[in-house]
Amino acid sequence: MGKAGATKGRSPTPTPNRDNGGGVTVGGAAAGGGVGGATSGGGGATTAGRSTLQANKTILKTVSVFLASGKRNSSNQQSKAAAAALQNKRQLRQRRMEELSGKINPKLLDTLRKKTRFSKDELDALCRIYRKLVSNCQYAAKTLASSSSSAAIAKPHAAVEGIDRIVFRELLHSTFDIVTEEILMERIFCSWDKAHEGLPLRLEGWLIGLSTFLRGTSTERAGFCFRVYDLNQDGFITKDEMFTLLRNCLIKQPQDEDPDEGVKDLVEIVLKKFDLDKDGKVSLEDFMATVSAEPLLIEAFGQCLPTDSAVGSFFSTLQV
């Protein structure tokens, strides 16, 4: 009875099933499955690695093609830019030669007729005048170079192409009766053309500025005067600039203790007249509105326009 209880209390040991060949069916199947699974897993890893390698090769090839294409495009763009720069340089050289010869090509002539108020014959005559003025500048530069003790100082003047300050001021004085102080002469020269910045005047800038100077509308002429009076080119005529411009307008008596006080009083009077928005300075809008209401005030800060008689005499000498 005791043995039976002990036997009953133990779990029966499973008896392996054997097939007719004597092999272990369950165990063999399990073992076989395990080996097969490992082999299958190894094959999957190998396939995945090959796929990744192939994908990387494709990406590298694509990048190489892209970079090569970018280099070709960059090279083409650089070639086109170099060709365009060379073409512009040739055109500029040709234009300079035409300027010095006093001739205008038809394309430039059409452009200048649109930008100015001159006829074709007048433009031709003005180009001849330009050529003479440039010749005067070159002669003056050679004279300065020969008389100067320092060739290094004279060399830049000899290379100048265009109308320089000296010839320009002489033209204003002798041809257009502009008699004014040095600072206004300099400002007229620098303000002649909107794109001009104090460099020698080239043909196009000379003609455009001359069109405003001689035949500009009241608005164009007022705008030109404002640019002249705006000494520091900040868009306003300040009290200090007015003082500088007007100080030579009053006769200074030797007995005056402080002659500048009269200039300061004049500045205050003029400021009240022009400063419409009462901000202590004269803007372009203030100036244009004041001059529009009272045209005689257009040269309130100094002469910078020719007289009507001077304009008539100038055109009569063109012989066109």
Minimal non-hydrogen separation, [X] against [Y], with atom names:
X    : Y    : value
V282 : F274 : CG2-CB, 3.5 Å
A300 : L246 : O-CD2, 3.6 Å
G223 : M288 : N-SD, 4.0 Å
V291 : A222 : CG1-CB, 4.3 Å
D193 : G205 : OD2-CA, 3.7 Å

To the nearest 0.5 Å, what is the distance between [atom1] ([X]) and [atom2] ([Y])?
X    : Y    : atom1 : atom2 : result
C304 : I298 : SG    : CD1   : 7.5 Å
L184 : E182 : CG    : CD    : 10.0 Å
E170 : L133 : CD    : CG    : 10.5 Å
L276 : T290 : CG    : OG1   : 4.0 Å
L318 : F118 : CG    : CZ    : 8.5 Å
K132 : C127 : NZ    : SG    : 12.5 Å

Can you pull the salt bridge (charged side-chain N to carboxylate O under 4.0 Å, His left out) pairs that have at least one residue in [range], sequence neighbours excluded?
range            : answer
residues 220-231 : R117-E220
residues 272-290 : K273-E294
residues 303-316 : none

Exercise for review: Starting from the C-alpha separation in whole Å, work towards a yes-or-no answer on side chain to side chain contact (heavy atoms under 4.5 Å, CB included) for W192 and L210.
Suggested key: CA-CA 8 Å; W192 189 257; L210 197 62; 3.6 Å; yes
Point to revise | Under-4.0 Å salt bridge between K120 and D124 | key: yes
Check your understanding: Under the side chain to side chain contact (heavy atoms under 4.5 Å, CB included) criterion, do L126 and I129 qualify, and how do the steps go?
Key -> CA-CA 5 Å; L126 292 173; I129 293 176; 4.2 Å; yes
Are the side chain of [X] and the backbone N or O of [Y] linked by a donor-acceptor pair below 3.5 Å?
X    : Y    : result
S313 : A310 : no
S135 : R131 : yes
Y229 : R187 : no

Practice item. Test side chain to side chain contact (heavy atoms under 4.5 Å, CB included) on M185 and R165 and set out the steps. Key: CA-CA 9 Å; M185 281 292 195; R165 286 171 168 82; over 6 Å; no
Practice item. Give a yes or no on whether the ring-centroid distance for F213 and F314 is below 6.0 angstrom. Key: no
Review point. Of all residues at least two apart in sequence or in a different chain, which pass the side chain to side chain donor-acceptor pair (under 3.5 Å) check with K115?
Key: E204
Exercise for review: Report the C-alpha distance between T307 and S309 in whole Å, list the side-chain angles of each, state the deciding distance to 0.1 Å, and finish with yes or no for side-chain hydrogen bond (donor to acceptor under 3.5 Å, both in side chains).
Suggested key: CA-CA 5 Å; T307 62; S309 59; 3.2 Å; yes
Check your understanding: Is V134 reachable from I208 through a run of I, L, V, M, F, W or Y residues, each pair having side-chain heavy atoms under 4.5 Å apart?
Key -> no
Check your understanding: Please walk me through it: do K114 and D110 pass salt bridge (Lys or Arg N to Asp or Glu O under 4.0 Å)?
Key -> CA-CA 6 Å; K114 294 176 182 178; D110 290 338; over 6 Å; no
Review point. With sequence neighbours excluded, what pairs up with V311 under the side chain to side chain contact (heavy atoms under 4.5 Å, CB included) test?
Key: L214, P306, F315
Study note, to complete from the structure: Only one of V167, V179, I178, D177 passes side chain to side chain contact (heavy atoms under 4.5 Å, CB included) with L172, and that residue is I178
Review point. Does the side chain of R247 come within less than 4.5 Å of D260's, by heavy atoms?
Key: yes
Exercise for review: Give me the one residue out of Y130, F189, W206 that meets ring-ring contact (aromatic ring centres under 6.0 Å, His included) with F168.
Suggested key: F189
Under 3.5 Å, side-chain donor or acceptor atoms of residues 235-245 against the rest of the protein: list the pairs with distances, not counting sequence neighbours.
{"from": "T238", "atom 1": "OG1", "to": "E241", "atom 2": "N", "distance (Å)": "3.4"}
{"from": "K239", "atom 1": "NZ", "to": "E268", "atom 2": "OE2", "distance (Å)": "2.7"}
{"from": "E241", "atom 1": "OE1", "to": "T238", "atom 2": "N", "distance (Å)": "2.9"}
{"from": "E241", "atom 1": "OE2", "to": "L231", "atom 2": "N", "distance (Å)": "3.2"}
{"from": "E241", "atom 1": "OE2", "to": "N232", "atom 2": "N", "distance (Å)": "3.0"}
{"from": "T244", "atom 1": "OG1", "to": "D240", "atom 2": "O", "distance (Å)": "3.0"}

